[in-house]
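Written out below as structure tokens is the structure these notes cover.
Keep in mind that this is a model prediction, so the values were computed, not measured. To find a chain, count down the sequence lines: A is the first, B the second, and so on, and within it residues start at 1.
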Number of protein chains: 2
Amino acid sequence: MANSGKKKATIYDLSVLSGSSPSTVSAVLNGTWRKRRIKESTAELIRSLAETHQYTANRQARGLRSSRSGLVGLLLPVHDNRYFSSLAQTFEAHVRSKGQCPIVVSASRDPEEERKTAETLISYSIDELFICGATDPDGVHEVCEAAGLKHINIDLPGTKVPSVISDNFEGGRLLTEAIIRHFPTDRPLQPRDLYLFGGRNDHASHERIRGFRAVKKELLRDDPDECIQPTGYAANNARKAFDAFYSRHGKLPRGLFVNSSINFEGLLRFMAEHPHDNFTDLVVGCYDYDPFASFLPFPVIMIRQNVEGMIAKAFEVIEQPRAAPRIHLVEPELVPPRTALTGPLDALKDIDLPRGRP
Amino acid sequence: MANSGKKKATIYDLSVLSGSSPSTVSAVLNGTWRKRRIKESTAELIRSLAETHQYTANRQARGLRSSRSGLVGLLLPVHDNRYFSSLAQTFEAHVRSKGQCPIVVSASRDPEEERKTAETLISYSIDELFICGATDPDGVHEVCEAAGLKHINIDLPGTKVPSVISDNFEGGRLLTEAIIRHFPTDRPLQPRDLYLFGGRNDHASHERIRGFRAVKKELLRDDPDECIQPTGYAANNARKAFDAFYSRHGKLPRGLFVNSSINFEGLLRFMAEHPHDNFTDLVVGCYDYDPFASFLPFPVIMIRQNVEGMIAKAFEVIEQPRAAPRIHLVEPELVPPRTALTGPLDALKDIDLPRGRP
DNA sequence: AGTCTCTGCACCATCGATTGTGCAAACAAG
DNA sequence: CTTGTTTGCACAATCGATGGTGCAGAGACT
């Protein structure tokens, strides 16, 4: 505790030490000093003092004055999912590269919580907000708009500001077609063999379902309503739906379109309860690539959304002053079974194989 | 843009509207008004004005004055991993329940970046910092200590403040024993059949390796050094190590202890390159439960760390004024193959099965 | 009426950085 | 030597909320 109790150094401390005024110190340390015609030698002195005293600016003070904080927010539905966590990872890298500080918060897909969370972030004077997968993007928009906060939608679109989302119709088509074609031609899939589970009353689900139905009608010649089961985004609700189907038909459908990897976890829960069924005739197509899911013992075809592309596009669009509230589509990618793709973590450096190869 | 350009209301706006002074408004809105003997009716008036004008306090101003921000930080190695994302999810719930705002940031296991990130968080006057899985916890400690910031270590211990971590020795033992016992007694595992891959020169890896070796010596009577391959935390480094082993021996070890699910992704990458090998005699034990990994086509035994327990304990310990820098061990849990556990997301409400069961 | 005690609030300094403005001293031009 | 320009910086207001202090006016009591 030698000098640890000391408060952090301020520009006033440095101004006393350097014999200059606080405003001079401030200018030197925030880079505006040339504009203020501060002598090089004065700047040098102050910089070295700042160095030795470990000065760092108090961002609350700076933010209060400038009504900017350097914080950039990402509002997520949840953290605990590879799709959203890779979004967070990618978002963070982008924000850090701009010299700002990312602040990632989840709001559980609850419209009320989304708005409250946005309010909270606004009260910290965040500079921009990326609204990702919100259940009520326009509700969050109201809050942002009232505070004059730049914002943009990702993953699920709103109608008031631009949105960057996946082409879910095309993704749904791709995935459905891949499921159907994965079955041998001598035992082709029948329309009632292919079900869709999971998702909700949101834009992404609608589009995926639209793609699903379009391809079914096209390739299987029929598209019964009963095959669409938007059971929400909870794993357990999906599990219950699988249970219900199973107890009615004594088996699962041969082809499954699972609307999100969280729903897929519901399928796992179902399977854990039925360890003696071997699901040999099952093909699963699932939105949101997960490397482990891709290697499950039955064919799992996945869609990987272009996270890097979406984030990059969102950063590009949010900078445009008065961009029209249009939807920017980013194409997702079909991932065949047993595929191990690289992700945002591969960009990080690790130790250099200390003894991987002697 | 009707009233949207308006700046947010401040206590000064409300003071004019209500005819009281700013300090009265402040006291009413932050709850200290009884102490200041403000009349109930005055408070009522101000509260209703605040309501209709959608007043929310500027947290930077409040934070500047009180040198607290209401922000609680979590410093993670990475986001994109089920273990860390569930830590984030759980952490967030705890912080929110205390009426504060979580701020989750990753530092890529880079000591320099860990310190810089901590500095940044400190410049926002965060109230507490949870240092999770840091490569250099004591380095981060220095920074926190200098700023008088309460902090605690999670997942990887430091020596200066309390740490809440998993019992990795016991976990390593459990996992190793489970791998060995998973093989039939008529074709038991030989010492050189059981390798450990992944991990680094950190406390967790050391302890797991210690447990691994102890059990090998105990049950297999031998424990060759070559079976320990701490290839770091990157997926690709692990993949290279598997490649190297494979090109030397023409096969993988029958038993694999994989030090983290990210390393496990390296195994998947290896397998994607060797699609024609069928890994029927393979048993994998892996740290950090992932529901999809648990259902892979070969036996995968996993360890789930008690995330909720660790976070809860950390919040408990960090409140203690001058807690000794001891290590608090939390027991992890062995998860048999094909097990679907619930996680933090199951606590969230979802739609009520719109038509899961007609 | 005079003194005391409450009640109910207003005033003002403060947190640390930013930024528009002013003004000496140094220097140049005439 | 005088006027004008540039250099180099100091001053002071400001952002919005907080909290210590002070002080009128109402009521109580003698």
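Interface remark: the Ser23(B) side chain does form a donor-acceptor pair with the dC11(C) base, using a distance-only criterion of under 3.5 Å. Side-chain atoms of Arg65(A) and base atoms of dT14(D) include a donor and an acceptor less than 3.5 Å apart.
Asn30(A) has no side-chain polar atom (N or O) that falls below the 4.0 Å cut-off from OP1 or OP2 of dA17(C). Contact annotation: Tyr55(B) side-chain N/O to dA17(D) OP1/OP2 distance is under 4.0 Å.
Thr135(B) OG1 to Asp202(B) CG: the interatomic distance, rounded to the nearest 0.5 Å, is 7.5 Å.
Within residues 33-53 of chain B, the residues approaching DNA chain D are Arg36(B), by heavy-atom distance under 4.0 Å. Contacts with DNA chain C (heavy atom under 4.0 Å) in residues 116-123 of chain A: none are found.
Each of dC9(D), dA17(D), dC11(C) was ranked by its minimum atom distance to the side chain of Thr24(A); first place goes to dC9(D). Side-chain atoms of Ser26(B) lie closest to dA17(D) of the nucleotides dG19(D), dA17(D), dA17(C).
In this entry the distance linking CD1 of Ile11(B) with P of dG19(D) reads 11 Å, nearest Å.
At a cut-off of 3.5 Å, with distance as the only test, no side-chain donor of Ser123(B) or Arg62(A) sits close to an acceptor on the other residue.
Judged by closest nucleotide on DNA chain D, Leu64(B) is the one of Thr32(B) and Leu64(B) placed further toward the 5' end.
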